[in-house]
Amino acid sequence: QQDGGRLDLIVQPEPPGLMLGLVQNGPTQMVAGQIYEGLLRYNQDLEPQPSLAKEWEISDDGMTYTFKLQEGVKWHDGEPFSAADVIFTTKFLQDNHARFRGAFSHVESVEAPDDNTIVIHMKEPYGPFINAFEAGSMPIVPKHIYEGTDYATNEMNNTPIGTGPYTFVEWEKGSFIHLKKNPDYYLDGLPHIDDLYYRVVPDAASRAVAFETGEVDVLPGGAIENWDVARLTKMDNVCSTSEGWEFFAPHAWMWLNNREGPTSNKLFRKAVMYALDREFVKDVVWNGFGKVPTGPVSSKTNFYTDDVPQYPHDPEKAKELLKEMGYDGTPVRLLPLPYGETWQRWAEAVKQNLEEVGISVDIDSADVAGWNEKTANWDYDMAFTYLYQYGDPALGVARNYIESQIQKGSPWNNVEGYVNPEVDAMWEAAAVEPDNAKRQDMYTEIQQKIVEDVPVAWLLEIEFPTIYRCEVKNLITTGIGLNDGLRDAWIEQ
Amino acid sequence: MSVLKITDLSIALPQGADRGFAVQQCSYEIAAGEILCVVGESGSGKSMTANALMGLLPEGVSVAGGTAYFGGKDILTVSEAEQRALRGDRIAMIFQEPMTALNPLMRIGDQIAEVFEAHKRHRPAERRQKALELIREVQLPDPEKIVRAYPFQLSGGQRQRAMIAMALALEPELLIADEPTTALDVTTQAQILKLILDLRERRGMAVMFITHDFGVVAEIADRVIVMRYGEIVERGSAVEVLENPQHDYTKRLLAAIPSGLVPASTEVAKAPALEIRNLKKTYRIGGGLFRDARVVQAINDVSLTIARGEVLGLVGESGSGKSTLGRAVVRLVTPESGEIIVSGTDMAALGEAELRAVRYKVQMVFQDPYASLNPRHRVMRALTDGPIAKGVAKEKARERARALMETVGLGADAVERYPHEFSGGQRQRIGIARALAMDPELIIADEAVSALDVSIQAQVLDLLRDLRRRFDLSILFITHDLRVAAQLCDRIAVMQKGKLVEIGPVSEVFLNPQHSYTQTLLAAVPGGGWGKAAQ
Amino acid sequence: MAIAVAIFSRLLKAAITLLAIAILNFFLVHAAPGDPATVLAGEAGAADPQMIADLKARFGLDQPFYIQLARYVGNIMTLDLGYSFRQGQPVLDLIMERLPATLILTLTAFWISLLAGVALGVAASARVGKFTDTLITGAALLFYATPLYWAALMAVLVFSVQLGWLPGFGYETVGSGYGGLARAWDILKHLILPALTLGLFFMAVYMRMTRASMLEVAQQDFVKTAKAKGLAPSIIRRRHILRNALLPVVTLAGLQAGQLVGGAVLTETVFAWPGIGRLMFESLAARDYNTILGVFLVSAAMVIVFNIITDLVYRLIDPRIGQKA
Amino acid sequence: MTFWKRFITNRGALFGLAILIAVLLLALLAPLLFPRGPWAMVQRPFLVPFSTDGLPLGTDTLGRDVLAGLVYGARVSLLVGLVSTVMALLIGVPLGALAGFYGKWVDEAAMRFTEFFQTIPNFALAIVLVAILEPSLTSITIAIAIVSWPPVARLVRAEVMSVTRREYVDAARLAGLSNMHILVRQVLPNTVSPIIVMASLMVATAILLESSLSFLGLGDPNIMSWGFQIGAARTVIRSAWWLSFFPGAAIVLTVLALNLIGEGLNDALNPHLSRKGRS
Ligand SMILES: Nc1ncnc2c1ncn2[C@@H]1O[C@H](COP(=O)(O)OP(=O)(O)OP(=O)(O)O)[C@@H](O)[C@H]1O
Ligand SMILES: Nc1ncnc2c1ncn2[C@@H]1O[C@H](COP(=O)(O)OP(=O)(O)OP(=O)(O)O)[C@@H](O)[C@H]1O
Ligand SMILES: [Mg+2]
Ligand SMILES: [Mg+2]
């Protein structure tokens, strides 16, 4: 292992801010994940690993979680880090972090018996809870900076202070974010790299060029369009990996509006599933990356099963189903995800598939804001989306299928309007079941039922290959990938 | 000893032009210290000759033959560089349009000094000084200021003087002046002519003076040549040509000139066709939030009457408010106070809609025969639009239009043609027909013949006289040409700076002018002496 | 003096226009579907109604529309462009950070296109109908017809990727530690491609205009006067024709210089140039209202400033203006 | 010489006209030439041009026929170009005409209004408008029209002002014709030539604008257009240059053709001005 060097990465799009406690979108996590830390990290099998907590313990009844914190940890401004910061963080995030709020709704109380210990008491056992401590889910924020201030407008948001391996240096808007090695990092010998530059390049083709011309060393997943991946990986001394996304396991599907229109008919939805040539999309649009999903749970996530009804590409079957239902040719609107060319092509391919079996499709168009507005207000017939699974069906999957999560105004829940009380009950029970074997059975059944009902059309388990120069070693060591990976990375000189 | 000797000069025009040669087989010479006037109708090739001598023929036009010896060389065939060396140095030229002949972005002094620069005379510092001297010589007021002035700050006459200063800079042996006074008003014209005569005296240079105004010829010419269709039809001393013309065309030209003869004033009928009382119109130009506007009193308390069947001439120099008065009468300009009474109605007080109903009573014949007819409408439409709007049945209006075309001597069939198919004089007759089509009581003719050639001018004047007799029309005849006014009008009104300074029967105003301004105006008429002598 | 008064009255008018534009923009921008809160929440990958409500309250979006408008108008009257909640920074700071990059790019493009355009136009007009003229006019037509972004893509492809002569994107070498001249040189290298592609189109425009204007002025009487003085053709062309022919070019240049500031969206996007065109585009996508409005206002102000500059230049060239009164 | 004769003696204009007619024909015949439409995935993706029978220009990222896309794209470009120009004329001509004809406060008000639109950079305004209205053929056309009318209004105003000062307009007033009659029958017809010339150039500009919007992802996703093709091909420009080259060339050619026609019209309609300028 060698120290030193500089690493240039792409961040896309430019993050709105770096204060991870306030902003949790993807690019923010990727950059701020080097500045802030959570209590835990997760390896690629989604097992917890030490981070700010060096040890932890869960009581047998699943009601008490005890964390021992690292010693000698300092904030980037030199202030000492202690359990008080963690307690403060739980309050801070209650106000600002939706996902945290969800997970902590199962918590009764938090206490700090001493400066290095945190004890969390649960209201009920909640199996997935142990998966909610990485930097993105629960970034520890500095109490001495935020206590008693208006968090949103605190000046320090622009010069974030964390405990992580890299400290913030400079952010030239529209151009780059510069981080540098934290010399006082509590783990000896870490990190290895001196400087990190996160480069903002708005155009996908330019990003590819940036890598080719050597300006950039790492292209995180999704930074370039898939068509360039094959080309770049063929270059000398270029490595690529699909690892580092296990925790998120991005899962793409098409919401089919269960409330009205042809899509409210289960036969129609099934026809859609048969009509889609998902393998073709995977091969052509995604250049062979990813995997055709069998249902709502990603094969990378815990409690996955493939023992569910299957929907191969079968246009004839689709046509039959449509005939059976008496589809009258009413056109349906298709809302693609405005995340670049790949997604646009995907929508075009889907449209073509559907039109081949006689469904007439109009592609709606909207930018990110319009997409949010339309999906949040259920103004669509079919809409693309993809969501993270956060390692556990209870965290990342359930929200999309249970009735209580039908909430107008947000596009991150049961937007399709799927209502099945039987399944709802099973979700609820599975979440608080402490025994993992039993949970597996319950989730298997859930998956079978949902796949039979086809509330949405599952499209792809997305794989985002990370492309980098082979000199960069240990780039991805956890299931969270680049978001907290640079702690261990080093550059061979 | 001739300065310039032209032999058999021919100038070819490009294909598609009105004729093959602008100038054909012309020969003449100019002696030192002599003023040769070149006269002739528009398009007769006067300017082309001058341009050829300067080597400034427009693209497509070329010298087809002949020689022009100047200082021992044929200047038509010397190289471009040699020609350039001659230009401005030994041959200089002044153009017709003083308003556009100077570079608007350069100071007058610099433009004059440029002549020295072009011929590498004097050191740069001295050039300025020389320019100043020249400006003095052409009698421009306040020379120090003029050197630094831009053309737009000078009046037309002043610009023309600046042009002359430029032309005189290197004391040329030959000065070519292409209608240098046509665009100027009479008083200014008189000054410029005097200047040229003076300079000729002092410098002894030869002058080739192009004009179509025989008054000017009478004033300055030593010798005259008359051109027509590119050929010289007559030549001789000024006296010979003016008093004893040989060629038919010259005779016709001279006959067509409105003579200075003052007809006895005719008795005027009683009932007034138009009464103007205390009319005022002020223009405000420019100005804005923070700037004072420039105020021009275009009509300042003018009162006058025109009797039925009378022709009232309105004269005065440029900018004196003649047009404004005429346009106020027809309400193309709205006066701010005063009355305009046409057969009992005060036109000045009418609203938009009422006005439209009575507008036909006063019609106008415009100055520019090219701009006053819509190029996209056939003559028929020009003649019938108005009557139809007034309520005349379509068929009747058409019939009337044909009849009127006969009246103005163009033939009934001409109604189906477009304006561009007529000559300037013919268009002016259409303009008159259009005015008549409305059955007006009064016609305002604003410089209706100024843009026309003398011969055509005469035809139109005849037509007006004839019409007035036949229809008992009243005419307000606006002009700056006193000769023309004298020929046609019963009474003359003289305007100066918005005020009516004198009004009376023609004979009185001309022979016994009361106001000093009228006197200056009369004195400035070119060839005044010659006109009277002819009598 | 007259000039000072004229400028003052222009500025006053400009301020009124700007205010009206700001209000119109406010309506425009708010008419777009979605709002910054949902976008921000959306990007977080998870959100609950509470989060969205919190964000809306934080951004002041829970207020009635007219109050938002009144607040905004009140703000800009005190020259305060507001706060970008998305970026956590005052809008003015954001814009000031980006403006230099845009100005460098657009002004370079502007001068290149103006100087080259006028030079080519003069060259073409001097040889009307000859081969040089045909060549220049042909090239101009081609540039005129080429979509800017396409030219940009092709330029990157050739000069950056294939030949490797010039950097294909960005404003400077990030983290190079260059200072002073080295930095200037570095920026210059980055500037060449975007400035050229942006300038090509305008160069064509100026070239055509200059050529036409030169030919027209060459017909005017005073040129004949100049010839009659015996001046050499080159002097006539420069001193008499060109100066007069420049007047319409200046007018057009003024109009376009103003537009360039906000009009470089495409170039900035393709070349990853951190200017305000891109800021506008990205803020629009994020519905970062105050930022879009700020950019619009600043670029509108730029247009007005350039108009005033144009007028001043015009006065310098043309003595007739402003002195008549 | 008649207008038409002058026009066809201009080689450039004739060339432009030929191209435009060719493009028009292709656009009209598109459904006959490619009955499956431009979106059908007909073959393997990324087929190189001139390598496969029946697919002369190769296939794109999804295996769609590039030529079919070009031909259908022509329809959009021409449609957007023409319709937006007509719309811009419908706004600009009346506004400019009224301003120029009536002068005074009407003029002042109209010109302030126009200035207003000119103060917001053109392309930025188009982007915002499309974003607000959400991209569709209609919204794009409207947005382009809205950003293109101000120059029309200014031109028409200037022309109308100068024509209104001609004496034949005074003559028409004296004839008792109403203002509207004068404006519509006497004045406007005499301003058409510069408007026609401008319109031909506006069509060209509109085509460029549409393609730029499309390139930024603000196109109508249901409609194949040239800008869309380039935008979509941008990401693969390195491996499949032809995907952006052909539509780019199509735009250049069409816009070039329109410009040539515009110049030809200009020369033919204003013979005095052009005599010198034409080669
Ligand atoms: N640039 C040109 N191209 C072709 N023909 C021309 C050109 N300039 C003048 N002409 C023609 O040449 C002939 C002579 O014109 P010229 O200008 O010499 O007349 P002129 O006697 O000076 O008339 P005016 O009194 O109107 O100035 C006319 O028939 C005119 O139509
Ligand atoms: N529309 C206008 N706006 C401002 N000033 C005007 C306007 N029309 C005329 N004037 C001014 O009013 C004065 C009188 O002009 P008018 O046209 O009546 O003179 P004129 O006697 O007809 O002169 P000319 O013999 O040159 O035709 C001039 O000083 C002129 O500059
Ligand atoms: Mg002449
Ligand atoms: Mg007058």
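All values derive from a computational prediction rather than experimental measurement. Labels below follow one simple rule: chain letters A, B, ... track the order of the sequence lines, proteins then strands, and each chain is numbered from 1.
Arg98(C) places no side-chain N or O within donor-acceptor distance of the main-chain N or O of Gly277(C), the cut-off being under 3.5 Å. Checked by atom type and distance alone, the side chain of Trp171(A) never pairs as donor or acceptor with a backbone atom of Asn158(A) at under 3.5 Å.
Proximity to chain A is limited to the side chain of Leu94(C), based on heavy atoms less than 4.5 angstrom apart. Residue Ala366(A) does not touch chain C at all, counting heavy-atom pairs closer than 4.5 Å. Proximity to chain C is limited to the backbone of Asp95(A), based on heavy atoms less than 4.5 angstrom apart. Only the side chain of Leu22(A) comes within less than 4.5 Å of a heavy atom in chain C; its backbone stays farther off. No part of Asn157(A) comes within reach of chain C, as not one of its non-hydrogen atoms sits under 4.5 angstrom from that chain. Residue contact with chain C, scored on non-hydrogen atoms closer than 4.5 Å, involves the side chain of Glu215(A) exclusively.
For Phe247(A), the ring pair (Phe, Tyr, Trp, His ring centres under 6.0 Å) test picks out Tyr42(A), Tyr390(A), with sequence neighbours left out. Looking at residues two or more places apart in sequence or on another chain, you find a ring pair (Phe, Tyr, Trp, His ring centres under 6.0 Å) between Tyr149(C) and Phe215(D).
When each of Met19(A), Glu14(A), Arg101(A) is checked for heavy-atom pairs under 4.5 Å with chain C, Arg101(A) comes out on top. Ranking Pro15(A), Pro338(A), Gly396(A), Ala210(A) against chain C, the residue ahead of the rest is Ala210(A), based on heavy-atom pairs under 4.5 Å. Of all the listed residues (Arg199(A), His178(A), Glu212(A)), the one sharing the greatest number of non-hydrogen pairs under 4.5 Å with chain C is Arg199(A). Among Pro16(A), Ser175(A), Ala376(A), the residue with the largest count of heavy-atom pairs under 4.5 Å with chain C is Pro16(A).
Residue Ile187(C) is tested with Arg183(C), Lys189(C), His190(C) for a side chain to side chain contact (heavy atoms under 4.5 Å, CB included); the sole match is Arg183(C).
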Can you check side-chain hydrogen bond (donor to acceptor under 3.5 Å, both in side chains) on Arg207(A) and Gln12(A), steps first, answer last? CA-CA 9 Å; Arg207(A) 292 194 285 271; Gln12(A) 171 57 30; 2.9 Å; yes
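Here the CZ atom belonging to Phe202(C) is positioned 10.0 Å from the OG1 atom belonging to Thr106(C), to the nearest 0.5 angstrom.
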